[in-house]
2 protein chains.
Amino acid sequence: MASRTLRSFRQFILGLLSQQPMSGYDIKRFLKSLDWLVGSSSFGSIYPALHALLANGLVTVDVVYHQDRPPRKIYSITEAGRQVLKEWINQPVASSGSMRAFLMRLMLASNFSQDGLIAHLKQRRSQVEVQHATLEQIARAQDEMTDLGQRLALEYGLAVAMAELAWLDRTLERLSKQPLPMEVAHGNGITPTV
Amino acid sequence: MASRTLRSFRQFILGLLSQQPMSGYDIKRFLKSLDWLVGSSSFGSIYPALHALLANGLVTVDVVYHQDRPPRKIYSITEAGRQVLKEWINQPVASSGSMRAFLMRLMLASNFSQDGLIAHLKQRRSQVEVQHATLEQIARAQDEMTDLGQRLALEYGLAVAMAELAWLDRTLERLSKQPLPMEVAHGNGITPTV
DNA sequence: CGTATCATGTAACTAGTTACATGATTCA
DNA sequence: TGAATCATGTAACTAGTTACATGATACG
């Protein structure tokens with residue numbers, strides 16, 4: 001029984017492997033370049049995650065030897081892995097919805113159906129809208145009395161929320177006009193140097 | 001020896017208590033309202049954190065009884081607590097700098113010196129600028145070849161980064177013109193209903 | 001010759017979540 | 001009567017970090 005203890009980070013790694021076979025080192029490099037977007041992580045979490053995915057039969061390994069460099073373990077997703085990934089993607093996202101969680105899923109868009117992708121963006125839109133309204137309400141309720149830092153943080157949140165809403169609206173419109181270039185262009189720019 | 005094992009979350013709670021004495025339940029409520037900004041947390045982390053702060057002498061408790069409701073434990077910061085908080089605030093922030101970590105500190109602005117606050121905003125500015133440049137570089141390098149999701153995530157990050165930069169510039173200018181209304185207006189809007 | 005990059009991994013620890021346990025009061 | 005809100009807490013677990021260990025090659 002494929003333990004359903006896989007949580008978001010493991011699943012995200014699985015998602016990356018669905019786009020391209022990679023080694024733990026590749027994943028680290030890739031994640032580091034997107035640090036700001038989805039957050040980096042240490043080898044101490046990547047390797048164990050990979051071992052767990054392997055133990056559950058969601059990925060396979062190929063050891064590739066080189067003359068000049070240490071051997072590399074290239075992980076590839078299996079059919080079972082794609083299945084689990086698809087199930088994960090189809091599950092609704094937690095209502096709080098951090099930007100990080102949203103972006104992690106968004107990056108795996110090729111595993112969404114067209115409608116699924118649009119639904120994901122719409123869901124984000126409504127979440128951000130709620131948060132925006134909440135922040136404005138807090139801001140209105142407190143006005144002068146609030147601590148300077150709280151006021152600044154509130155303004156900051158409002159500015160970011162508005163930017164997100166604007167982007168989401170633009171993008172949703174763009175996507176609804178074109179039939180979506182959904183032919184999955186594999187490759188994430190990190191050449192695996194096999 | 002006041003163990004220096006206190007990490008950001010504990011310190012943030014300490015910071016909240018520096019603005020106003022609160023109970024664990026108050027903190028939960030307050031954090032929940034700012035879920036989107038700094039993230040919520042469970043009682044399972046709040047109460048133990050409070051106990052740890054108490055054990056280290058950074059806060060004190062007062063039990064307040066009510067006729068109609070359960071008794072509440074109101075925590076207040078001590079002088080030692082303010083000291084630790086000040087030291088934390090004066091420490092430089094990690095270079096990666098998530099928005100969450102930034103906002104947590106920003107919310108505690110009343111514990112900064114004027115210059116400290118401006119320095120904090122400037123540091124964020126330069127971090128976001130670097131990230132923005134990095135994302136643009138990735139976007140340029142990959143152009144067509146990248147997966148749809150990756151492209152969307154990149155765009156999203158760029159939009160948010162630009163919004164942050166704009167806000168930071170506006171705010172830094174605003175702050176440099178006025179001598180700052182730095183008389184600390186205590187109170188965070190959550191009436192403690194003592 | 002020392003440092004950086006490539007490459008994999010483990011062990012000890014920290015932090016946090018979820019689920020449980022308790023119990024009073026208010027509202028439908 | 002049953003659910004919701006107020007209010008505190010603990011125990012078991014999960015996830016993640018930091019620090020360590022290993023070892024090759026390349027570059028200055």
Side-chain angles (χ1 to χ4, degrees), chain A residues 3-14 22-33 35 38-56 61-75 94 96 98 100-101 104 190-194, chain B residues 3-14 22-33 35 38-56 61-75 94 96 98 100-101 104 190-194:
Chain A
S3 95
R4 82 255 136 299
T5 316
L6 317 204
R7 305 281 282 208
S8 62
F9 180 62
R10 266 153 158 74
Q11 288 167 331
F12 181 56
I13 285 187
L14 188 62
M22 282 194 272
S23 70
Y25 203 83
D26 287 335
I27 291 172
K28 179 77 202 284
R29 266 233 255 52
F30 182 59
L31 252 34
K32 200 183 174 187
S33 77
D35 193 7
V38 297
S40 202
S41 353
S42 56
F43 287 121
S45 71
I46 292 173
Y47 287 123
L50 249 12
H51 299 331
L53 290 174
L54 187 64
N56 289 125
V61 211
D62 277 294
V63 184
V64 180
Y65 296 92
H66 301 266
Q67 23 351 24
D68 50 339
R69 287 190 275 160
R72 312 172 72 239
K73 293 191 174 180
I74 308 294
Y75 291 86
S96 75
S98 68
R100 196 185 167 221
M104 274 169 61
I190 299 278
T191 318
T193 51
V194 180
Chain B
S3 93
R4 77 258 130 308
T5 316
L6 318 204
R7 304 281 282 212
S8 62
F9 180 62
R10 267 155 156 77
Q11 288 166 332
F12 181 56
I13 286 187
L14 188 61
M22 282 194 272
S23 70
Y25 203 84
D26 286 335
I27 291 173
K28 178 77 202 282
R29 267 233 256 56
F30 182 59
L31 252 33
K32 199 183 174 188
S33 76
D35 193 8
V38 296
S40 202
S41 351
S42 55
F43 287 122
S45 72
I46 292 172
Y47 287 123
L50 250 14
H51 299 332
L53 290 173
L54 188 64
N56 288 125
V61 211
D62 277 294
V63 184
V64 180
Y65 297 91
H66 302 264
Q67 29 339 34
D68 50 340
R69 285 190 277 159
R72 312 171 73 240
K73 293 189 173 180
I74 308 294
Y75 292 86
S96 76
S98 69
R100 194 182 168 224
M104 275 169 62
I190 300 278
T191 319
T193 50
V194 180

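Each chain gets a letter, A, B and so on, in the order its sequence line appears, and its residues count up from 1.
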Phosphate-side-chain proximity, [X] and [N], N/O vs OP1/OP2 below 4.0 Å:
X	N	answer
R72(A)	dA7(C)	yes
Y47(A)	dT8(C)	yes
S45(B)	dA15(C)	no
Y25(B)	dC6(D)	yes
R69(B)	dC6(D)	no
S42(A)	dG16(D)	no

Could you state the atom-to-atom distance from [atom1] of [X] to [atom2] of [N] in whole Å?
X	N	atom1	atom2	result
K73(A)	dA7(C)	NZ	P	14 Å
Y65(B)	dT8(D)	OH	P	12 Å
D26(A)	dT5(C)	CG	P	16 Å
H66(A)	dT5(C)	NE2	C1'	14 Å
D62(B)	dA7(D)	CG	P	16 Å
F43(B)	dT17(C)	CZ	P	12 Å
L50(B)	dG16(C)	CG	C1'	16 Å
L54(B)	dG9(D)	CG	C1'	14 Å

**Study point:** Atom pair CD1/OG of I27(B) and S45(B) - distance to nearest 0.5 Å
**Key:**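 So the gap between those two atoms works out to 10.0 Å.
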Exercise for review: Select base, sugar-phosphate, or nothing to describe what Y75(B) touches, counting heavy atoms under 4.0 Å on all strands.
Suggested key: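 Sugar-phosphate only.
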Check your understanding: Touch check for F9(B), heavy atoms < 4.0 angstrom, all strands: base, sugar-phosphate only, or nothing?
Key ->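 The residue F9(B) makes sugar-phosphate contact but no base contact.
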Review point. Mapping S40(A) and P70(B) onto DNA chain D by nearest heavy atom, which one lands closer to the 5' end?
Key: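 Its nearest nucleotide being more 5', the pick is P70(B).
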Do [X] and [Y] have side-chain heavy atoms sitting under 4.5 Å apart?
X	Y	value
F12(B)	V38(B)	yes
F9(A)	L31(A)	yes
D26(B)	R72(B)	yes

**Study point:** Closest-nucleotide ordering on DNA chain C, the 5'-leading residue of P48(A) and P71(A)
**Key:**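 Counting from the 5' end, the first nearest nucleotide belongs to P71(A).
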Review point. Salt bridge between K32(B) and D35(B), side-chain N to carboxylate O under 4.0 Å?
Key: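 Salt bridge flag = no for D35(B) with K32(B).
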